[in-house]
Structures are given as structure tokens and as C-alpha cells.
J.: 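After the C-alpha cells below, expect a handful of questions from me.
Counting starts at 1 for both ligands and their atoms, in listed order. Everything numeric here is computed off the predicted structure, so don't read it as measured data.
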Amino acid sequence: MLRPITETFAASAFPDLLVGIEGPDDAAVYRLTDEIAIVQTVDFFPPVVDDPRQFGGIAAANAMSDVYAMGGEVLLALNIAAFPEDLDPAVIARVFHGGAEKVAEAGGVIAGGHTLYDAEPKYGLAVTGVVHPDRVIAKAGARAGDALVLTKPLGTGIVLTAARDGRDPAGHAAAAVVSMLALNRHASHLARDAGAHAMTDVTGFGLLGHADEVAARSDVRIVIDAARVPALPGALAYAALGIVTGGAARNRDGLADRVRLPAGLDAAVAHLLFDPQTSGGLLVALAPPAARAMVRRLHDDGLPGAVVGRVEAGAGVVVE
Ligand code: CO
Ligand code: CO
């Protein structure tokens with residue numbers, strides 16, 4: 001019998017591991033001193049766009065997002081990459097360049113990495129950040145009465161699938177790329193300043209999947225107001241044409257017991273709410289006046305953001 005990892009590393013034996021695998025969150029948090037904890041995360045994946053530099057930037061923004069989702073600041077990162085042996089070195093250089101310029105934009109530094117050969121290219125980062133041990137913003141912590149802010153529109157899965165299949169005649173993928181390249185850093189600062197109670201980033205499980213994680217970890221119910229959820233240009237139109245990802249169907253199946261959809265919800269809107277996001281926005285629970293102020297500050301600073309729901313006593317996720 002293999003011993004579960006959670007037994008080998010029982011949380012009680014590691015009091016400085018503030019966030020680990022027993023309460024999975026966006027990133028691990030380990031206290032070094034009363035003033036400093038390190039935030040550690042790793043993420044990498046195959047190309048989501050054809051342009052190598054954009055792919056590198058998106059993968060880096062996505063990897064660093066888990067540090068921002070904990071309320072942390074990025075210090076350094078290591079490249080993790082795999083490329084086919086026959087791939088043009090100039091293409092590989094552009095992937096690394098795209099990642100490097102994103103880490104530089106974040107105020108961090110790339111300090112090394114590891115690359116291997118594989119038939120399918122992959123790129124991402126192992127990221128180390130810091131946070132004050134008392135100011136970690138976890139998925140637990142949302143309170144009944146809170147409002148929910150989402151800091152990027154949804155639909156990267158739908159729009160990228162349309163583009164990949166040659167069904168994006170309007171070129172909406174360009175806006176999706178801009179959104180995926182955007183760092184969650186400033187939004188994280190605003191959430192921290194606004195006194196966020198709970199925060200995560202919206203990625204592969206879609207808005208409803210990540211909302212469910214917050215609901216479960218915080219022991220609350222999350223209510224999403226579907227009419228207020230922002231969509232990327234083209235996302236709803238393409239979803240209405242039947243362009244959706246396999247991931248959205250898996251998300252929907254996996255959440256069947258936890259998510260209640262209203263009768264008659266528009267099918268395209270439902271697809272949007274389950275759509276897996278790459279480098280998606282932050283989902284933040286905070287007091288309603290603070291939420292409204294945060295959205296105003298996001299807009300003042302030229303960033304998207306909207307109040308998309310609220311937190312109630314109960315369990316699961318309800319869409320209305
Ligand atoms: Co995350
Ligand atoms: Co993550």
C-alpha cells in the first residue's frame with residue numbers, strides 16, 4: 001500500500017507551511033519569518049496561440065497569476081520547457097523572450113530553468129513570490145454578505161477554439177490574447193488594498209468551477225448573476241454557433257452536484273460560465289462597498305472588472 005502524501009507530510013508536522021496540499025489553493029505558502037512567507041507555484045502547458053512570443057507571455061502571465069491570487073508579489077521564476085528536437089531555435093528563443101518580458105513587467109527576474117525534448121512543445125514557469133504571512137488571501141475566507149468581483153471577461157476557451165478551427169473571421173482572438181497577456185498584478189494590489197476576504201484566479205475549471213472552490217473552502221454559497229458576467233468579444237456569438245471546448249463539458253459534468261442553473265438559461269451563457277480560461281482574471285470576495293470601489297479603481301486604471309455575484313449562507317453555486 002502506498003502511503004498518501006498527506007500522511008507522509010501531515011500538516012501538523014509543518015506549522016510553517018501555511019498553505020499546502022491539505023487545503024489546496026492557488027499556490028503553496030511557507031512562512032520563513034513573522035514578516036515573510038514564500039509563495040510557490042508551477043504551471044506549464046502546450047501552445048494556446050500560434051505566435052511563439054505571445055505563447056511565452058501568456059504562459060508566464062498565467063503561471064504568475066497564482067502568486068497574485070494569494071496576494072503575493074513575484075520575485076523570481078524558472079523556465080520549464082519542452083520542444084521538439086527539430087523545432088527552429090529562433091521559435092524557441094521567441095517563446096523564452098515572451099516569457100522573459102512578462103516576468104520583467106511583473107518586476108521579477110528569470111533565474112534559470114530546465115528544457116527537454118518532447119514531440120509536443122510546452123512552456124511555463126516555476127514561480128517564487130513573497131507575501132506577509134498575515135496577509136495571505138486564500139480561497140477560504142469569503143463571508144455571507146460579500147460581493148464578488150471578476151477582473152477579466154470570460155471566453156478564452158471558446159474564442160481560441162474558434163480561431164484554431166478557422167472560425168474566427170472577425171479576428172476576435174486578438175482581444176482574447178490581450179486579455180490573457182494582462183498580468184493580474186495590479187488587480188491583486190487593488191484587491192489587497194480593498195481588504196479582500198478571499199481570492200482565486202479563474203483558470204481551467206471555469207468561473208463556476210473556481211467559484212465552487214471558494215464556496216467549498218469558505219463554507220458558503222456563491223450566487224452568480226449571469227447577466228453581469230462580462231464576455232470577451234465574440235465569445236457568446238461563437239458559443240451560440242456551437243463552438244465550445246471539451247473542457248467546458250467536463251467542467252459542467254464535474255460540477256453537476258454543486259452548481260444550480262436557472263431553467264431557461266441561455267445555452268451560450270451557460271457555456272461561457274463553464275468555459276476553461278487560460279490566464280483568466282481574479283475572483284475576489286469582499287464587502288460590497290469595497291467591491292464597488294475596487295471596480296471603480298480598476299476602470300480608472302484602464303482595467304476591466306465587474307461585480308458578478310454575491311456570497312450567501314449555504315453551499316454550492318447558484319446561477320441566477
Ligand atoms: Co489558480
Ligand atoms: Co493554480
J.: For residues 286-304, which side-chain N or O atoms pair as donor and acceptor with protein atoms under 3.5 Å away, sequence neighbours left out?
T.:
residue, atom, partner, partner atom, Å
H299, NE2, G305, O, 2.7
D301, OD2, H186, NE2, 2.7

J.: Report, one line per pair, each donor and acceptor closer than 3.5 Å where one atom sits in a side chain of residues 117-126; sequence neighbours left out.
T.:
residue, atom, partner, partner atom, Å
D118, OD2, K122, NZ, 2.5
K122, NZ, E120, O, 3.1
Y123, OH, N79, OD1, 2.6

J.: Return the name of the atom in D201, of element N, O or S, nearest to the Co ion (ligand 1).
T.: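 In D201, the heteroatom (N, O or S) nearest the Co ion (ligand 1) is OD1.
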J.: What is the name of the N/O/S atom in D26 that sits closest to the Co ion (ligand 1)?
T.: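 The nearest such atom is OD1.
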J.: Has the side chain of D168 got a donor or acceptor atom that lies under 3.5 Å from a matching backbone atom of A173?
T.: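 Yes, because the side chain of D168 sits within donor-acceptor range (under 3.5 Å) of the backbone of A173.
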J.: Measure from the Co ion (ligand 1) to every N/O/S atom of D66 and report the name of the nearest one.
T.: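 Within D66, restricted to N, O or S, the Co ion (ligand 1) is closest to atom OD1.
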J.: Would you confirm whether T151, through its side chain, and L282, through its main-chain N or O, come within 3.5 Å as a donor-acceptor pair?
T.: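 Checking the backbone N and O of L282 against the side chain of T151, a donor-acceptor pair under 3.5 Å is found.
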J.: Below 2.8 Å, any N, O or S contact between D25 and the Co ion (ligand 1)?
T.: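 Not a single backbone or side-chain N, O or S atom of D25 is under 2.8 Å from the Co ion (ligand 1).
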